[in-house]
2 protein chains.
Amino acid sequence: MAKVDTSLVAHLPLFAGVAPDALDEILREARSVRYPKNTAIFEQGADAQSFFLLLHGHVRAAKTTPTGEQIVVRYVAPGETFGLAMAIGATRYPATAMAVDDSVVLIWPTSAWPRLIERFPSLAANTLQTVGARLQESHTRILEMSTQQVEQRIAHALLRLAKQSGKKLDQGIEIDFPISRQDIAQMTGTTLHTVSRILSGWESQGLVESGRQRIILREPHKIVVLAERTPDSGAA
Amino acid sequence: MAKVDTSLVAHLPLFAGVAPDALDEILREARSVRYPKNTAIFEQGADAQSFFLLLHGHVRAAKTTPTGEQIVVRYVAPGETFGLAMAIGATRYPATAMAVDDSVVLIWPTSAWPRLIERFPSLAANTLQTVGARLQESHTRILEMSTQQVEQRIAHALLRLAKQSGKKLDQGIEIDFPISRQDIAQMTGTTLHTVSRILSGWESQGLVESGRQRIILREPHKIVVLAERTPDSGAA
DNA sequence: CCTGCAATTTGCGATAGCGCAAAACCGGCC
DNA sequence: GGCCGGTTTTGCGCTATCGCAAATTGCAGG
């Protein structure tokens with residue numbers, strides 16, 4: 001198993017307040033695995049045998065209903081943890097994780113968690129913070145779904161993706177991983193058709209440029225305005 | 001300040017793995033306060049100076065948009081914590097908490113949290129579990145809002161309330177605190193009008209009995225069936 | 001017991017967005 | 001270079017649900 005360089009991860013919020021040699025000890029329990037694009041890392045309902053830290057790439061976490069519909073819970077960016085089922089007291093994964101790009105992941109066995117947090121209490125505190133932040137985001141998302149129309153929700157979703165995983169271009173920001181209309185629909189609670197229509201509209205106004213699984217925000221500021229427009233703040 | 005009896009709270013998940021005398025030490029830092037029905041405990045955006053544990057009564061946590069619309073984040077039942085802004089790294093409350101019934105609450109100063117989790121790491125671990133559970137619930141709610149119609153969402157919401165705060169009756173289950181059509185609308189992402197129409201329909205089928213801020217599920221099992229009905233699983 | 005307010009009910013027109021279907025498109029692979 | 005499959009676009013009718021308005025009801029206080 002390849003050694004993981006502590007310097008690559010030492011600065012992550014997860015390890016705040018953890019001494020360098022402690023970090024070494026923690027990393028010694030992990031292994032590093034590469035997942036090619038479009039491979040599953042774990043499946044919803046499977047036994048939660050591991051938890052993960054994304055080093056490179058991008059991972060989509062999605063939840064599936066009994067009837068087969070899916071929603072995207074979130075996109076995981078490098079440096080973030082995922083699959084923390086055990087930390088929250090679950091024995092099975094509540095969602096499916098799939099690499100949307102070639103990705104590299106650190107993997108710990110679930111069984112290591114209790115020992116790790118006992119030896120390094122900051123881990124629990126730090127994890128609590130990130131889980132808490134995710135809870136906030138979920139509430140925000142619920143608020144948006146309850147009070148905004150589809151166009152605003154899509155605008156917000158794209159702006160968040162741009163902030164989290166945007167690549168600055170000469171002119172605009174590009175979402176730095178493959179993402180389809182369907183994915184955006186599953187993030188915002190709508191259909192790929194409606195997403196397509198709205199992006200087409202934006203494209204003809206020069207707000208975005210997009211294609212197959214690719215989106216560039218050409219006028220981020222104007223999209224912010226769009227995102228904040230209320231149902232009645234009269235359009236042209 | 002009145003002494004808090006440890007026996008009242010010792011069994012709570014929050015204090016799992018905490019020794020009795022440690023619990024005593026923890027409680028010594030808290031004070032107990034009574035909030036009459038319909039009084040605010042804290043306001044969204046206010047400085048998070050305290051965190052809370054509900055002893056008696058019921059508390060509604062709600063988020064308000066800039067434009068004044070509200071959603072109900074959750075109802076807090078006795079034994080649950082709320083207002084944990086600091087545990088998740090926020091300095092202001094992300095929602096407003098209001099007592100919907102006469103309520104009694106334990107209050108710790110936010111400043112005590114870092115010290116408490118350092119001395120009693122189980123607190124952090126336990127809190128992580130409950131916050132994680134709430135995250136799951138939020139995802140479930142997002143899934144429902146994305147994939148189900150209003151009637152199913154209302155059914156699920158009422159069933160959850162019944163499970164959390166239901167009072168068993170000779171025949172049926174009563175939601176054990178005052179809750180309006182508007183509240184249910186704000187939990188499910190719809191309007192009070194639509195909630196009213198749907199409850200009226202259920203009432204005429206004998207599924208529920210309801211009135212001013214009061215709901216009794218007369219046929220919980222049939223409501224479960226309703227909740228699981230897919231858009232096309234033909235009605236009668 | 002009466003009064004007033006807040007909660008609830010209900011009708012009705014308006015519409016955002018869905019669902020289905022078909023066509024166009026785009027890239028990667030052989 | 002051409003073919004195939006997944007993605008995207010777009011048209012069109014439909015409907016669940018909203019939004020507004022008005023009537024009704026039930027509780028709480030005086």
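In what follows, every chain begins at residue 1, and chains take the letters A, B, ... in the order their sequences are listed.
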Separation of atom CD in B/Gln149 from atom C1' in D/dT17, rounded to whole Å: 10 Å
Whichever of A/Ser210 and B/Ile198 has its nearest DNA chain D nucleotide further upstream toward 5': A/Ser210
Phosphate OP1/OP2 of D/dC18 contacted by B/Thr194 side-chain N/O (<4.0 Å): yes
A/His193, nearest nucleotide to its side chain (from C/dG17, C/dC20, C/dG11): C/dC20
A/Thr190 side-chain proximity, nearest of C/dC18, C/dA16, D/dT17: C/dC18
Distance, rounded to the nearest Å, where B/Leu192 contributes CG and C/dT10 contributes C1': 12 Å
Presence of A/Gln182 side-chain N/O under 4.0 Å of D/dT7 phosphate oxygens OP1/OP2: no
Nearest-neighbour nucleotide for the A/Ser196 side chain, C/dT8, D/dA16, D/dT9 considered: D/dT9
Rounded distance in Å - NZ (B/Lys37) to C1' (D/dA28): 11 Å
Of the listed nucleotides D/dT17, C/dC20, C/dT8, the one nearest the side chain of B/Arg181: C/dT8
For atom CG of B/Asp183 and atom C1' of C/dA6, their distance in whole Å: 13 Å
Sugar-phosphate, base or nothing in reach of B/Arg212, heavy atoms under 4.0 Å: base
Result of checking A/Val195, A/Ile154, A/Thr191 against A/Arg181 for side chain to side chain contact (heavy atoms under 4.5 Å, CB included): A/Val195
Interatomic distance where CG belongs to A/Asn38 and P belongs to C/dG28 [whole Å]: 13 Å
Whole-Å distance separating the CD atom of A/Glu203 from the P atom of D/dT8: 12 Å
Whether A/Trp108 and A/Phe51 hold their rings parallel, tilted or perpendicular, with breakpoints at 30° and 60°: parallel
Any B/Ser200 side-chain N or O less than 4.0 Å from OP1/OP2 of C/dT10: yes
Nearest-angstrom distance from the residue atom CD1 of A/Ile179 to C1' of D/dG6: 17 Å
B/Ile107 backbone acceptor or donor facing B/Ser50 side chain under 3.5 Å: no
Nucleotide nearest A/Ser180 when distance is taken to its side chain, options D/dG19, D/dT8, D/dT17: D/dT8
Aromatic contact, A/Phe52 with A/Phe42 (centres under 6.0 Å): yes
Nearest-nucleotide pick for B/Arg197, side chain only, options being C/dG11, D/dT8, C/dC18: C/dG11
Donor-acceptor pair present, B/Arg214 side chain and D/dG26 base, under 3.5 Å: no
Protein-nucleotide distance (B/Met145, atom CE; C/dC18, atom P), rounded to Å: 13 Å
Phosphate OP1/OP2 of C/dC18 contacted by A/Thr191 side-chain N/O (<4.0 Å): yes
Out of C/dG11, D/dT8, D/dA16, whichever nucleotide has its closest atom nearest the side chain of A/Gln213: D/dT8
Check: A/Ser180/A/Gln182 side-chain N/O donor and acceptor closer than 3.5 Å: no
Identified side chain to side chain donor-acceptor pair (under 3.5 Å) partner of B/Arg218 from the options B/Glu209, B/Gln205, B/Glu203: B/Glu209
